[in-house]
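For this chain, numbers begin at 1 and follow the sequence in order. Worth saying up front: this structure is predicted, and the values here are computed from it rather than measured.
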Amino acid sequence: MNEVEFRNWMIKNDINRKVQSDIVSRIKKVEREIENCDIDEQYRSDKCESLMTLFLNMGINNEMKKYPNAHFPIGKYYMSAFRYAIKQYVLFCDENHRK
């Protein structure tokens, strides 16, 4: 994750500091918990679509079952926060790749 540029992009888009920290923390957790996950590689591969499918239906799905050692709040509404964080990173990447 290109954290410095991502944070700068969030500042430019008026995302408050607390929310920025939460988003960055969630992306780091995704990279840590999903084996061999690099958010930038995921973006290059399919704009993080396959990564976001893990968090569909609050993580209760066959894709998430492929990662039994990942520690996420499966079944909790909070799982949508991970999708939101990934979506923000995709928006950031989309803008930066257009330049």
Side-chain angles (χ1 to χ4, degrees):
M1 169 178 38
N2 190 339
E3 186 175 342
V4 173
E5 284 185 34
F6 184 40
R7 282 185 184 273
N8 288 336
W9 177 83
M10 288 190 284
I11 290 167
K12 188 181 83 177
N13 285 282
D14 295 322
I15 296 173
N16 91 30
R17 203 177 238 3
K18 170 73 171 106
V19 175
Q20 287 176 35
S21 292
D22 291 347
I23 288 171
V24 168
S25 293
R26 288 182 188 119
I27 291 174
K28 284 180 178 179
K29 181 173 176 77
V30 168
E31 287 186 315
R32 191 173 57 245
E33 296 293 333
I34 304 298
E35 54 217 43
N36 303 317
C37 179
D38 175 323
I39 192 96
D40 294 309
E41 281 298 316
Q42 293 287 326
Y43 178 81
R44 283 190 286 278
S45 153
D46 65 359
K47 291 197 173 192
C48 300
E49 286 297 321
S50 58
L51 194 55
M52 283 195 278
T53 61
L54 294 172
F55 298 95
L56 287 174
N57 196 29
M58 296 185 292
I60 303 169
N61 60 61
N62 289 333
E63 289 305 305
M64 187 59 89
K65 287 178 184 169
K66 294 176 184 175
Y67 302 97
N69 298 325
H71 299 289
F72 289 107
I74 293 173
K76 303 269 193 298
Y77 176 74
Y78 180 68
M79 288 295 279
S80 63
F82 287 96
R83 277 180 62 85
Y84 177 78
I86 295 166
K87 283 180 183 178
Q88 291 303 304
Y89 198 77
V90 168
L91 289 173
F92 156 72
C93 290
D94 284 348
E95 276 190 30
N96 282 341
H97 287 92
R98 271 190 257 133
K99 292 179 183 174

For residues [X] and [Y], determine if any side-chain heavy atom of one lies less than 4.5 Å from a side-chain heavy atom of the other.
{"X": "E35", "Y": "K66", "result": "no"}
{"X": "M79", "Y": "P73", "result": "yes"}
{"X": "T53", "Y": "N61", "result": "no"}
{"X": "K47", "Y": "D94", "result": "yes"}
{"X": "D46", "Y": "L51", "result": "no"}
{"X": "R26", "Y": "I86", "result": "no"}
{"X": "Y78", "Y": "M58", "result": "no"}
{"X": "Y89", "Y": "I23", "result": "no"}

Legend entry - Pair L56-E63, side-chain contact (heavy atoms from CB on, under 4.5 Å): steps then yes or no: CA-CA 9 Å; L56 287 174; E63 289 305 305; over 6 Å; no
I need the [X] [atom1] to [Y] [atom2] distance, nearest 0.5 Å.
{"X": "C48", "Y": "Q88", "atom1": "SG", "atom2": "CD", "value": "12.0 Å"}
{"X": "C93", "Y": "M1", "atom1": "SG", "atom2": "CE", "value": "10.5 Å"}
{"X": "K76", "Y": "I60", "atom1": "NZ", "atom2": "CD1", "value": "9.5 Å"}
{"X": "Y67", "Y": "C37", "atom1": "OH", "atom2": "SG", "value": "7.5 Å"}
{"X": "L54", "Y": "M64", "atom1": "CG", "atom2": "CE", "value": "5.0 Å"}
{"X": "I34", "Y": "N69", "atom1": "CD1", "atom2": "CG", "value": "10.5 Å"}

Inset, instruction - Inspect the contact between R44 and E41 and indicate whether a charged nitrogen and a carboxylate oxygen are less than 4.0 angstrom apart. - result: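 So E41 pairs with R44 through a salt bridge.
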Legend entry - N-O pairing of E33 and K28 below 4.0 Å: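 K28 and E33: not salt-bridged.
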Legend entry - Evaluation steps, side-chain contact (heavy atoms from CB on, under 4.5 Å), between K12 and E95: CA-CA 12 Å; K12 188 181 83 177; E95 276 190 30; 3.6 Å; yes
Legend entry - Passing candidate, side chain to side chain contact (heavy atoms under 4.5 Å, CB included) with M10, options N16, V19, V24: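 Answer to the side chain to side chain contact (heavy atoms under 4.5 Å, CB included) test with M10 among N16, V19, V24: V24.
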Inset, instruction - Could you label the plane-to-plane angle of the F92 and F6 rings as parallel, tilted or perpendicular, counting under 30° as parallel and over 60° as perpendicular? - result: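 The rings of F92 and F6 sit tilted, inter-plane angle from 30° to 60°.
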Inset, instruction - Verify whether the ring centers belonging to F55 and F72 lie closer than 6.0 Å. - result: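 Centroid distance F55-F72: below 6.0 Å, so yes.
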Legend entry - Any donor-acceptor N/O pair, D38 side chain to D40 backbone, under 3.5 Å: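 Flag set: sc D38 to bb D40 pair under 3.5 Å.
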Inset, instruction - List the steps, then state whether side-chain contact (heavy atoms from CB on, under 4.5 Å) holds for F82 with I27. - result: CA-CA 7 Å; F82 287 96; I27 291 174; over 6 Å; no
Legend entry - Heavy-atom closest pair, residues Q20 and I11: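 Closest approach of Q20 to I11, heavy atoms only: NE2-CG1, 3.3 Å.
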